[in-house]
S.K.: 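I am attaching a structure below and will ask some questions about it afterwards.
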Amino acid sequence: MFGLFGKNKPVKIRSRNENKKYGVAAKDVKELLKKGCTLLQLPSPGAHVCLYSDGTTVTEEFFQTLPDHTELVLLCRDQTWSGVVCDIGQLLKTDRYADGLIEAAKGLLSDEKSPQRRKILTDLLLNLEDRSELESREEHEEWFKGVDARFKTKSAYMKFNCEGRMRGYMKEVHGATKTIQKAKVREEFLKTSKSLSEMLKTAKNNGCYFDRTEKERLCTREGWFTCQGSYEQKVCQSLHSINPYGSRESRIVFSTWNLDHRIEKKRTIIPALLEALQNHKSSDINLNYFYGLLFTWENLKLVHIVCHKKGAHNLLCDAKKIFRKASDTNKAKQNVKGKKRRLV
């Protein structure tokens, strides 16, 4: 309609590699390409234009139907545009310290009224301003706000954080002693609990799981953790991830992530251990099996709080692994006898 009466149609145009948009008025695609190439300093041979939203090629006929101020992308001969997803791809390739992008996001956030878009912009800024490569308190003092002064590095604090969780599990095991009525069973349980505690101390409370400088870490070298999904899933369906090394906010949010026992600690593991000791000695128990269930990735999964299912897991301990094999028991007895002979 505009073309038929020789009227110019106002549109917004940008190049593929720049975010800045320019207002251009043209009566047809030919004129738009001429003006756009001059404005954006792009070669005109082979140039073409498409919709910013989904990459649809804009023909002469289609151009006449476009609403005023439609957003378009001007492309060179060999360039393509698949829509908004291209901008997302460009953003992911952007240096996270690109000051221009950070300032632009802050500017948008200051004027944005929509709670949904404010949330998106806030999350974007949180990731753009990531400082995960900084490690010491001197380098990133903001990260350490609320953290005891004895911790000088992020890794040291994260290691301590994991150790605290493991010690908490051990405390729950030891606390089950109060529920035992029979003195002999209580005595054997205390021996078992003490042995498990010694094993955990030897492993330095498995604090390495959260320490990005360790080989046995659960995160990447940069500090990224990925949710492993609920106990019955192989992977997290929502693809949750977080880098608590990046910012103070991420560190605090990470504290809500759970180390979830697939075979449950309170409902299953500790009761199974108590039951096994009703008619057996602590020396008969397969400590390695119970240690693995309580304190290692053999049975633990790191999960986002949303993926943590608190209902009964309905998974049982393996009855074949609860007790030590006869050969292991005999070896243990021989070792004890050997020690006694050396003492004599």
Side-chain angles (χ1 to χ4, degrees), residues 162-163 165-210 214-218 228-235 258-303 307-339:
C162 189
E163 289 175 348
R165 300 193 191 202
M166 297 295 175
R167 284 192 291 265
Y169 302 155
M170 190 64 245
K171 187 175 181 180
E172 290 182 58
V173 173
H174 188 73
T177 308
K178 299 177 183 179
T179 66
I180 304 173
Q181 301 297 322
K182 297 179 181 179
K184 289 185 177 180
V185 177
R186 187 184 308 112
E187 181 181 354
E188 293 301 320
F189 187 84
L190 284 171
K191 290 180 182 179
T192 303
S193 177
K194 183 178 180 180
S195 296
L196 288 171
S197 180
E198 290 298 326
M199 293 172 72
L200 187 59
K201 288 180 181 178
T202 300
K204 298 181 180 179
N205 297 303
N206 289 332
C208 59
Y209 292 152
F210 288 0
E214 294 279 356
K215 291 183 179 181
E216 300 297 324
R217 63 183 182 271
L218 187 61
Q228 297 175 322
S230 58
Y231 75 94
E232 83 279 22
Q233 296 177 329
K234 291 184 178 181
V235 295
N258 295 279
L259 284 176
D260 188 28
H261 290 83
R262 292 184 64 254
I263 299 176
E264 296 175 281
K265 177 176 73 272
K266 287 186 177 181
R267 290 191 177 107
T268 307
I269 302 174
I270 295 177
L273 184 56
L274 286 169
E275 183 179 353
L277 290 169
Q278 294 300 315
N279 299 303
H280 294 82
K281 294 182 178 180
S282 59
S283 58
D284 298 328
I285 302 299
N286 183 355
L287 288 177
N288 288 329
Y289 176 59
F290 281 99
Y291 174 82
L293 292 181
L294 289 164
F295 308 112
T296 75
W297 299 120
E298 178 182 328
N299 187 49
L300 286 170
K301 297 188 76 174
L302 180 67
V303 296
C307 294
H308 184 208
K309 295 184 178 180
K310 295 185 177 181
H313 291 187
N314 299 318
L315 296 176
L316 302 176
C317 294
D318 188 341
K320 297 180 180 179
K321 297 181 179 180
I322 291 177
F323 299 103
R324 300 171 65 179
K325 295 179 181 179
S327 58
D328 293 336
T329 303
N330 292 332
K331 287 180 182 179
K333 290 180 178 178
Q334 291 174 3
N335 289 335
V336 172
K337 290 180 179 179
K339 290 179 181 179

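Atoms considered below: every heavy atom in the structure, side chains included; atoms not considered: hydrogens, waters and symmetry mates.
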S.K.: Can you give me the closest heavy-atom contact between Leu218 and Gln228, atom names plus distance?
M.R.: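 Smallest interatomic distance, heavy atoms only, reads CD1-NE2, 3.6 Å.
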
S.K.: Calculate, to the nearest 0.5 Å, the distance between atoms CG and CD belonging to Leu273 and Gln278 respectively.
M.R.: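 With rounding to 0.5 Å, CG (Leu273) is 10.5 Å from CD (Gln278).
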
S.K.: Ser230 and Lys301: which non-hydrogen atoms are nearest, and at how many Å?
M.R.: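 Smallest heavy-atom distance, with atoms named: O-NZ, 3.0 Å.
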
S.K.: What pairs of residues pass the ring-ring contact (aromatic ring centres under 6.0 Å, His included) test when at least one of them lies in residues 268-291, not counting sequence neighbours?
M.R.: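 Listed by first then second residue: His280-Phe323, Tyr291-Phe295.
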
S.K.: Could you tell me whether Glu298 atom CD has more than 12 heavy atoms of other residues or ligands within 6.0 Å of it?
M.R.: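 Check passes, neighbour count above 12.
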
S.K.: Which distance, rounded to the nearest 0.5 Å, do you find between the CD1 of Ile322 and the CG of Asp284?
M.R.: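 CG of Asp284 is found 12.5 Å from CD1 of Ile322.
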
S.K.: Can you give the donor-acceptor pairs under 3.5 Å from side chains of residues 188-197 to other protein atoms, not counting sequence neighbours?
M.R.:
residue, atom, partner, partner atom, Å
Glu188, OE1, Ser282, N, 2.7
Glu188, OE1, Ser282, OG, 3.1
Thr192, OG1, Glu188, O, 3.0
Ser193, OG, His174, ND1, 3.4
Ser195, OG, Lys191, O, 3.0

S.K.: Which side-chain N or O atoms in residues 260-267 pair as donor and acceptor under 3.5 Å with protein atoms at least two apart or in another chain?
M.R.:
residue, atom, partner, partner atom, Å
Asp260, OD1, His308, NE2, 3.3
His261, NE2, Leu294, O, 2.9
Arg262, NE, Tyr231, O, 3.2
Glu264, OE1, His313, N, 2.9
Glu264, OE2, Arg267, NH1, 2.4
Arg267, NH1, Lys310, O, 3.4

S.K.: Let me confirm one number: the NZ-CD distance from Lys281 to Glu187, rounded to the nearest 0.5 Å.
M.R.: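 CD of Glu187 is found 10.0 Å from NZ of Lys281.
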
S.K.: Can you tell me how far SG of Cys162 sits from CG of Asn205, rounded to the nearest 0.5 angstrom?
M.R.: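 So the gap between those two atoms works out to 9.0 Å.
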
S.K.: Enumerate the residue pairs fulfilling salt bridge (charged side-chain N to carboxylate O under 4.0 Å, His left out) with a member in residues 196-210, sequence neighbours excluded, ordered by first and then second residue.
M.R.: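 For residues 196-210: none.
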
S.K.: Looking at Met199 and Asn288, what are the two nearest heavy atoms and their distance?
M.R.: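 What the structure gives for the nearest pair is CE-OD1, 3.2 Å.
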
S.K.: Just so I know, are the side chains of Thr268 and Cys317 near enough to count as touching, which here means a heavy-atom distance under 4.5 Å?
M.R.: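 Thr268 vs Cys317: side chains touch.
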
S.K.: Can you give me every donor-acceptor pair (side chain of residues 166-173, partner residue at least two apart or in another chain, under 3.5 Å) with its distance?
M.R.:
residue, atom, partner, partner atom, Å
Tyr169, OH, Leu259, O, 3.2

S.K.: For side chain to side chain contact (heavy atoms under 4.5 Å, CB included), just list the numbers for Leu277 and Ile180, CA-CA rounded to whole Å, side-chain angles, deciding distance to a tenth of an Å, and then say yes or no.
M.R.: CA-CA 11 Å; Leu277 290 169; Ile180 304 173; over 6 Å; no

S.K.: Looking at CG of Asn258 and CG of Leu302, how far apart are the two atoms once the value is rounded to the nearest 0.5 Å?
M.R.: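 CG of Leu302 is found 8.5 Å from CG of Asn258.
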
S.K.: Quick one: list whatever passes side chain to side chain donor-acceptor pair (under 3.5 Å) with Arg165, sequence neighbours left out.
M.R.: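 Asn161.
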
